[in-house]
> 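One structure, as structure tokens, below. Some questions next.
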Amino acid sequence: MSGTFTKSMARNIFYGGTVFFALLFLALTFDSMQTLPKRDNRANLTPAVVAGKKVWEVNNCIGCHTLLGEGAYFAPELGNVYKRRGPEFIKAWIQSQPTGAPGRRQMPNFHLTEQQLNDLVEFLKYSSEINTANWPPNIEG
Amino acid sequence: MQYSSQSVAKPYFIAAIGLFVGQVLFGLIMGLQYVIGDFLFPAIPFNVARMVHTNLLIVWLLFGFMGAAYYMIPEETETELYSPKLAIAMFWVFLVAGAATILGYLLVPYATLAKFTGNDILETMGREFLEQPLLTKIGIVVVALVFLFNLTMTMLRGRKTSISLVLMMGLWGLAVFFLFSFYNPHNLVLDKYFWWWVVHLWVEGVWELILGSLLAFVLIKVTGVDREVIEKWLYVIITLTLITGIIGTGHHYFWIGTPEYWQWWGSVFSALEPIPFFAMTVFAFNMVNRRRREHPNKAATLWALGTGVMSFLGAGVWGFLHTLAPVNYYTHGTQITAAHGHMAFYGAYAMVVLCIISYAMPILRGRAANSEKSQVMEMWAFWLMTVAMVFITLFLTAAGILQVWLQRYSSTPIPFMAAQDQVAIFYWLREGAGLMFFTGLVVYIISFFVSGESKARTA
């Protein structure tokens, strides 16, 4: 911080640098949006998947689980649960909660209808088919 | 206190501390649920406790930021606040809306809450940290806009310092990026992509502008170092923050379906993110060493130095620990993330709010600094909470490393819950450290009620 480096120089670098990197970020975002159709499995965004995503959201599943690694770390990753367990297991599991096993972590029963269960499974199937650059490292999530 | 309208900051600070207590209590509940899984089930399931814990964190920090801004802007602009009445009115709106939301989480099933608060009109709920009902989200926007209007009007008619300008940029940025919380596309990848425009561009972007300006303000006051020097540092720090942090968003775009070039952009730029935090630490120590006065408020100086160090450790070092894509491939979404989150939020944001409270609250109560006795107690609280947070972070890191090994890295990976059972000892230790943190918080609150001979009254 010598005397030749003044506050107004620092301020100008701040504005210039911020604008430059914000624009670069927008450019990368624009490019990502062009590439996403090849990776994000949007072809399979059926009405059931859309309904399933809503079931996922209004029951706050992310409050315990991760989905593609994001969420809470209290319960298993569900981005690949469709591949790990399959549709029938997922439905049976959700319906049989809570286990009531003493001292074990408990999942509430959300009283989902058959339709909601099917939609949720469709959403998890769609999620499991997103191209995640090979993440997670193995089927355990 | 130089301007009488600065006093509107006081209720904001008190509310911030009150909600902080709630946040920590729910943290303790969750910590126990990690090892005694059915604790308080079904009254408070984990997901509810977590929502309360994280939302209270956000809300108390926002109360802290708002209080800080109401305190700082009149003094920086050398003019009274545009409308103190509006500031007080918004305080009550925000407090009531916040309390109602938390009660909603606790008393009503989340799906029912969603149904009766307009989630069917615009689906925004059920995403991490943005769980608030639509009505609450709209309320946050209204409060933020009125708050920004009030401060911007104040600034327009007063002196425009760099500190106030940076603070206002940070606060406007906070409000603008929150608008992305209303965008929830059906496409999960797009949803996640723009969700980070709220979460990352807040905590590793515009919030750091707020952090920097709060710290700069307190350092000018307690050290008496020339404003030109401090503001030059501030610009350098926030430049480093944004040129690393904006593209650094890419470290969240490794495994969510986004193009794989983000592994390079995200790794390289976020590896540089510790630099602004390191600069902040150097800044804080440098200014305190070059101080031109001995300010009677030693506790505030301690918080300022602590913010520098702990944000560097929590956000900088613990962030770097898992930010490179080849490492993150194994650590993504494990207890390592939780460890980083705890120390970063405490070190950067909780501590800077406690710092400005420590500096401003005695003045708001009519004295330059608290009594020796009260300050010693506050410093005890500082060390108890800070050391406890170091331990929470270390135990979660240990749990995380074991989790990664057992579940992700070894040649015979085991299921999630089996791995959780293996690392339970570290969750117990974390809960112990959490109790220590809570003790520190209790001591902190008691320090406000300790009298003793106080320092000279200010004008």
Side-chain angles (χ1 to χ4, degrees), chain A residues 1 5-7 10-11 13-14 17-18 21-22 24-25 28 31-32 35-36 39-42 45 49-50 53-54 56-64 66-77 98 100 102-106 108 110 126-127 130-133 135-138 140-141, chain B residues 33-34 36-38 41-42 45-48 50-51 110-111 114 119 123 125-128 131 162 186-190 192-193 228-229 231-233 235-236 238-239 242-243 246-247 249 254-260 263 265 329-330 332-335 337-338 407-409 413-417:
Chain A
M1 293 283 159
F5 183 68
T6 62
K7 188 174 93 180
R11 185 190 58 215
I13 295 172
F14 166 69
T18 302
F21 283 99
L24 179 58
F25 184 59
L28 287 167
D31 184 76
S32 294
T35 318
L36 277 188
R39 305 179 58 95
D40 64 12
N41 196 25
R42 67 179 65 186
L45 267 176
V49 172
V50 171
K53 183 168 187 274
K54 191 175 178 188
W56 168 270
E57 286 167 355
V58 300
N59 290 290
N60 194 29
C61 305
I62 206 84
C64 291
T66 49
L67 186 66
L68 307 188
E70 294 168 0
Y73 321 112
F74 188 70
E77 160 70 25
R104 303 295 297 174
R105 297 183 191 174
Q106 298 296 316
F110 295 101
Y126 147 84
S127 304
I130 290 169
N131 181 350
T132 55
W135 192 90
N138 65 63
E140 298 299 347
Chain B
Q33 287 176 334
Y34 256 93
I36 304 175
D38 54 358
F41 187 87
F46 181 87
N47 71 310
V48 173
R50 186 177 196 265
M51 211 160 34
Y110 192 68
N119 194 58
E123 293 166 23
M125 290 173 72
R127 295 176 303 151
E128 195 185 6
E131 296 93 346
S162 299
H186 299 313
N187 183 328
L188 184 66
V189 181
L190 284 179
K192 285 175 174 291
Y193 193 97
E228 282 295 300
V229 175
E231 291 187 335
K232 187 162 68 181
W233 268 95
Y235 274 123
V236 170
I238 61 173
T239 304
L242 293 187
I243 64 178
I246 295 174
I247 307 288
T249 314
F254 294 163
W255 328 112
I256 60 166
T258 31
E260 280 160 47
Q263 292 180 27
W265 287 103
Y329 183 66
Y330 292 102
H332 180 51
T334 63
Q335 294 299 323
T337 318
Q407 187 191 320
R408 297 244 173 104
Y409 198 84
I414 63 173
F416 177 91
M417 275 313 299

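Just so it is clear, the values below take in all heavy atoms, side chains as well, and ignore hydrogens, waters and symmetry mates. Within every chain, numbering begins at 1; the chains are lettered A, B, ... in the order of the sequence lines, protein sequences first and strands thereafter.
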> Test salt bridge (charged side-chain N to carboxylate O under 4.0 Å, His left out) on A:E57 and A:K53 and set out the steps.
CA-CA 6 Å; A:E57 286 167 355; A:K53 183 168 187 274; 2.8 Å; yes

> Between chain B and each of A:N60, A:L67, A:N131, count heavy-atom pairs under 4.5 Å; write down the option with the most.
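Ranked by contacts with chain B, first place is A:N60.
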
> Step through it carefully: locate the ring centre of B:F46, locate the ring centre of B:F41, and say whether they are under 6.0 Å apart.
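They do not qualify: ring centres at least 6.0 Å apart.
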
> Is it the backbone or the side chain of A:F110 that comes under 4.5 Å from a heavy atom of chain B, or both, or neither?
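Looking at A:F110, nothing touches chain B.
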
> For the interface with chain B, which of A:F21, A:F74, A:F25 has the highest count of heavy-atom pairs at distances below 4.5 Å?
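Top count of heavy-atom pairs under 4.5 Å with chain B: A:F74.
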
> Under the salt bridge (Lys or Arg N to Asp or Glu O under 4.0 Å) test, which residues partner A:K54, sequence neighbours left out?
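So A:K54 forms a salt bridge (Lys or Arg N to Asp or Glu O under 4.0 Å) with B:D120, B:E123.
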
> Counting only non-hydrogen atoms closer than 4.5 Å, does A:D31 touch chain B with its backbone (N, CA, C, O), its side chain (CB onward), both, or neither?
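Its backbone and side chain both get close to chain B.
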
> Is B:S162 close to A:R11 at the side-chain level, that is, under 4.5 Å between some pair of heavy atoms?
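No, every pair of side-chain atoms sits at 4.5 Å or beyond.
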
> Using a 4.5 angstrom heavy-atom cutoff, name the option from B:N119, B:I36, B:T334 with the most pairs to chain A.
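Option with the greatest count: B:T334.
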
> With a 4.5 angstrom heavy-atom cut-off, which part of B:P42 approaches chain A: side chain, backbone, both or neither?
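Contact with chain A is absent: no heavy atom of B:P42 under 4.5 Å.
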
> Under a 4.5 Å heavy-atom cut-off, does chain A meet the side chain of B:Q33, its backbone, both or neither?
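It is both, since atoms from each part get that close.
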
> What I'd like to find out is whether the side chain of A:I62 reaches to under 4.5 Å of the side chain of A:W56, using heavy atoms alone.
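Yes, at least one pair of side-chain atoms sits under 4.5 Å.
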
> If you look at every heavy atom in B:G333 and A:Y73, which pair is closest and at what distance?
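Scanning both residues, the minimum pair turns out to be O-CD2, 3.4 Å.
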
> Go through B:Q263, B:E231, B:R127 and name the one with the most non-hydrogen pairs under 4.5 angstrom from chain A.
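Greatest number of close heavy-atom pairs with chain A: B:E231.
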
> Which atoms of B:M125 come close to chain A, meaning under 4.5 Å heavy atom to heavy atom: side chain ones, backbone ones, both, or neither?
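For B:M125, the contact with chain A is made by the backbone alone.
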
> Is A:I13 close to chain B through its backbone or its side chain, or both, or neither, when contacts mean heavy atoms under 4.5 Å?
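When you check distances to chain B, atoms from both the backbone and side chain of A:I13 fall under 4.5 Å.
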
> Counting heavy-atom pairs under 4.5 Å with chain A, which one of B:I243, B:L242, B:T337 comes out on top?
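Between B:I243, B:L242, B:T337, the count favours B:I243.
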
> Would you mind telling me which of B:L190, B:T249, B:T239 has the largest number of heavy-atom pairs within less than 4.5 Å of chain A?
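The residue among B:L190, B:T249, B:T239 with the greatest pair count is B:T239.
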
> For A:D40, enumerate each residue passing the side-chain contact (heavy atoms from CB on, under 4.5 Å) test, keeping only those at least two apart in sequence or located in another chain.
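With sequence neighbours excluded, A:D40 shows a side-chain contact (heavy atoms from CB on, under 4.5 Å) to A:L36, A:R42, B:N187, B:V189, given in chain and number order.
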
> Go through the atoms of A:T66 and report whether side chain, backbone, both or neither lie under 4.5 Å from a heavy atom of chain B.
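A:T66 touches chain B through side-chain heavy atoms alone.
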
> Locate the shortest heavy-atom distance separating A:R105 from B:F416; write the atom from each residue and the value.
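Answer, listing the atom of A:R105 first, then B:F416: NH1-CE2, 4.0 Å.
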
> Non-hydrogen atoms of chain B under 4.5 Å away: do they reach the side chain of A:N138, the backbone, both or neither?
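Contact with chain B: side chain only.
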
> When only pairs under 4.5 Å are counted, which of B:W255, B:Y330, B:F254 shares the most heavy-atom pairs with chain A?
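Heavy-atom pairs under 4.5 Å are most numerous for B:W255.
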
> So, A:E77 side chain and A:L68 main chain: donor-acceptor pair closer than 3.5 Å or not?
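Yes; at least one donor-acceptor contact below 3.5 Å.
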
> Is chain A contacted by the side chain of B:R50, its backbone, both, or neither, given a heavy-atom distance below 4.5 Å?
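Only the side chain of B:R50 comes within 4.5 Å of chain A.
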
> I need the residue from A:N41, A:L45, A:L28 with the largest number of non-hydrogen atom pairs under 4.5 Å to chain B.
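When all of A:N41, A:L45, A:L28 are compared, A:L28 has the most.
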
> Do the side chain of A:Q106 and the main chain of A:G100 share a donor and acceptor less than 3.5 angstrom apart?
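Checking the backbone N and O of A:G100 against the side chain of A:Q106, a donor-acceptor pair under 3.5 Å is found.
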
> Nearest 0.5 Å, please: how far is CZ in A:R104 from CG in B:D38?
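With rounding to 0.5 Å, CG (B:D38) is 10.0 Å from CZ (A:R104).
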
> What part of B:Y193 gets within 4.5 angstrom of chain A, counting heavy atoms only: side chain, backbone, both, or neither?
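Side chain of B:Y193 only, per the 4.5 Å heavy-atom cut-off to chain A.
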
